[in-house]
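See structure below.
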Amino acid sequence: MTNNAANELILAVETSCDETSAAVVRGGKEILSNIVSSQIDTHRRFGGVVPEIASRKHVESITRIMKQALAEAGATFRDLSAIAVTQGPGLVGALLVGIVAAKSLAMALNLPLIGTHHIAGHIYANELVHEMVYPCLALVASGGHTELVLLESEGRFRIIGRTRDDAVGEAYDKVARTLQFPYPGGPHIDRLAHEADEEIQLPRAWLEPDSYDFSFSGLKSAVLASINTAAMKGEAIRQAALARGFQASVIDVLVTKALRAVREFGAKQLLLCGGVAANGGLRAELTARCAAEGIPLLIPPLKLCTDNAAMIAAAAHLKWIRGEYTPLDMKAEPGLSLESWSV
């Protein structure tokens, strides 16, 4: 069964981590509303996301956020075609809040429910502002994920490389904490790296010659070793130089492997996806390298890089047009496979 997308209106809900978001999107591409309530100020005092607190905050705001999304879109419940919600990956308690809300609404309105993959959402955030051409390659860089994903056709995902330890966003936060910066640490490292007039050279983890996997544990250890060496010598910690060295190492590996994969698999576009796509250094280097090699690069605007419900609606559109719905006994799946979610 296939559906006509001309009048499709999806209300999507995203609660995978510490943003409560609801959006209304028409035809998988036109954003009518995209409301995001961030919990960063709440979690900053703890140095990172506290799952139980995140869940409670979602409970407090989810109904209000959904009502606000409908109102801003100028839509009513009767106008909706389907309800979409992040099924995974994510924090199980946080996911459950959004899933219960979406299930309740779908049941009350007798509308299709579409459980959606969070990373598929990050990838298809690009479709909200660009035209994706297949085959294409997605570099997913976020707080919980670092992956190279090949899309040979619409909605068909194949992971060709992933992190073997920390995700890149997680590595940024841990290095920032070591340098005494508050959560979230990524923006502080990015800013300091741009301000630095010197760089402490740090190692690159290339792994096996043909590998598209990533590893950042050794890089974190190198940062800590540099700090400890300075302390033993009674020298001041060169924060800016360390930040620049760390960011240069991360970006070098991400960009080099992504471009090599584009060439090997004949991808027509490279897509940058996930929260770390907001990193100025990564955006600038990818833009420059892709321009030099003639590779079309798609990067969503900053507001669509971090977790939001519009991206979930964009991914759910892939299922809706094919009539692939999710049963109401759907469960939260923190380890949901991207490849198995393919259409």
Side-chain angles (χ1 to χ4, degrees), residues 89 117-126 132-172 174-175 186 202-222 246-279 281-300 305 315 335-342:
H117 197 286
H118 182 75
I119 298 304
H122 275 304
I123 292 171
Y124 274 86
N126 283 280
M132 290 169 57
V133 179
Y134 304 93
C136 56
L137 185 85
L139 170 59
V140 180
S142 70
H145 299 268
T146 304
E147 297 162 343
L148 283 171
V149 183
L150 178 66
L151 289 86
E152 294 173 310
S153 60
E154 183 182 66
R156 298 292 300 177
F157 307 97
R158 176 185 164 198
I159 297 175
I160 61 171
R162 55 173 27 116
T163 183
R164 296 182 182 179
D165 39 62
D166 288 343
V168 63
E170 186 180 5
Y172 265 94
K174 288 180 177 178
V175 168
L202 294 173
R204 273 76 165 147
W206 297 111
L207 305 176
E208 301 82 13
D210 61 346
S211 175
Y212 287 113
D213 284 351
F214 303 97
S215 174
F216 300 106
S217 60
L219 179 57
K220 291 184 307 176
S221 297
F246 170 78
Q247 177 148 297
S249 176
V250 169
I251 290 175
D252 190 13
V253 173
L254 289 177
V255 172
T256 300
K257 291 202 173 195
L259 295 187
R260 178 161 60 88
V262 166
R263 292 189 293 268
E264 179 176 338
F265 292 96
K268 296 179 180 178
Q269 294 174 330
L270 175 61
L271 285 58
L272 182 58
C273 326
V276 182
N279 181 282
L282 178 58
R283 294 168 78 97
E285 182 66 14
L286 259 185
T287 300
R289 292 276 296 274
C290 285
E293 299 194 25
I295 297 172
L297 174 66
L298 306 187
I299 307 178
C305 290
L336 183 64
S337 163
L338 176 61
E339 291 169 328
S340 67
W341 191 83
S342 296

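Treat the numbers as computed from the prediction; the structure is a model and nothing was measured. In this chain, numbering begins with 1 at the start of the sequence shown.
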Checklist line | Side-chain donor/acceptor of R283 to backbone N/O of A277, under 3.5 Å | finding: yes
Next item on the list: Would you mind reporting whether V250 and Y172 have side-chain heavy atoms less than 4.5 Å apart?
Entry: yes
Note to self: Could you report the tightest heavy-atom contact between R204 and D252, atom names first, then the distance?
What the structure shows: NE-OD2, 3.1 Å
Next item on the list: Drop me the distance from F265's CZ to R158's CZ, to the nearest 0.5 angstrom.
Entry: 5.0 Å
Check: Which heavy atom in P135 sits nearest to a heavy atom in G266, and how many Å separate them?
Finding: CG-O, 3.6 Å
Notebook entry, point to check: Taking atom types as modelled, is there a side-chain donor on Q247 or N279 under 3.5 Å from an acceptor on the other?
Noted result: yes
Notebook entry, point to check: Would you find a donor on one side and an acceptor on the other, under 3.5 Å apart, between the side chain of S342 and the backbone of E339?
Noted result: yes
Next item on the list: Compare every heavy atom of W341 with every heavy atom of A315, then report the nearest pair and how far apart it is.
Entry: O-CH2, 3.5 Å
Notebook entry, point to check: Between CZ of F246 and CG of L219, what distance do you get to the nearest 0.5 Å?
Noted result: 5.0 Å
Next item on the list: Enter the distance from I123:CD1 to L137:CG here, rounded to the nearest 0.5 Å.
Entry: 9.0 Å
Notebook entry, point to check: With distance as the sole test, does S337 use its side chain to make a donor-acceptor pair with the main-chain N or O of S340 at under 3.5 Å?
Noted result: yes
Next item on the list: Could you check whether the rings of H118 and H145 sit parallel, tilted or perpendicular, using 30° and 60° as the cut-offs?
Entry: tilted
Next item on the list: Verify, without hydrogens or angle tests, whether T146 (side chain) and V168 (backbone) share a donor-acceptor contact under 3.5 angstrom.
Entry: yes
Item checked: Exercise: identify the closest heavy-atom pair between Y124 and G155 -> OH-N, 2.9 Å
Margin query: On a heavy-atom basis, which atom in A205 and which in S215 lie closest, and how many Å separate them?
Written below: CB-O, 3.4 Å
Notebook entry, point to check: Between Y212 and I160, what is the shortest heavy-atom contact and its length?
Noted result: CB-O, 3.5 Å
Next item on the list: Count the heavy atoms belonging to other residues, nucleotides or ligands that lie under 6.0 Å from CZ of R289, then report whether that count exceeds 12.
Entry: yes
Check: Checking side chain to side chain contact (heavy atoms under 4.5 Å, CB included) for the pair M132/L151: CA distance, chi angles, key distance, verdict?
Finding: CA-CA 10 Å; M132 290 169 57; L151 289 86; 4.2 Å; yes
Notebook entry, point to check: Distance from L139 atom CG to L282 atom CG, nearest 0.5 Å?
Noted result: 6.5 Å
Check: Looking at NZ of K257 and CD of E264, how far apart are the two atoms once the value is rounded to the nearest 0.5 Å?
Finding: 12.0 Å
Next item on the list: Kindly indicate, with the supporting measurements, whether the criterion side chain to side chain contact (heavy atoms under 4.5 Å, CB included) is fulfilled by L148 and I159.
Entry: CA-CA 6 Å; L148 283 171; I159 297 175; over 6 Å; no
Margin query: Please check: side-chain N/O of Q269 versus main-chain N/O of C136, any donor-acceptor pairing under 3.5 Å?
Written below: no
Next item on the list: Report the C-alpha separation of R164 and L207 in whole Å, then their side-chain angles, then the decisive distance to 0.1 Å, and conclude whether the side chain to side chain contact (heavy atoms under 4.5 Å, CB included) test is met.
Entry: CA-CA 10 Å; R164 296 182 182 179; L207 305 176; 3.8 Å; yes
Notebook entry, point to check: About how many Å separate OG of S211 and CZ of R162, when rounded to the nearest 0.5 Å?
Noted result: 11.5 Å
Note to self: Students often mix this up, so state it plainly: with edges at 30° and 60°, are the rings of F214 and F216 parallel, tilted or perpendicular?
What the structure shows: parallel
Check: Backbone N or O of C273 within a donor-acceptor pair of the H122 side chain at under 3.5 Å?
Finding: no
Next item on the list: Check for a donor-acceptor pair, side chain of D213 on one end and backbone N or O of G161 on the other, with a separation under 3.5 Å.
Entry: no
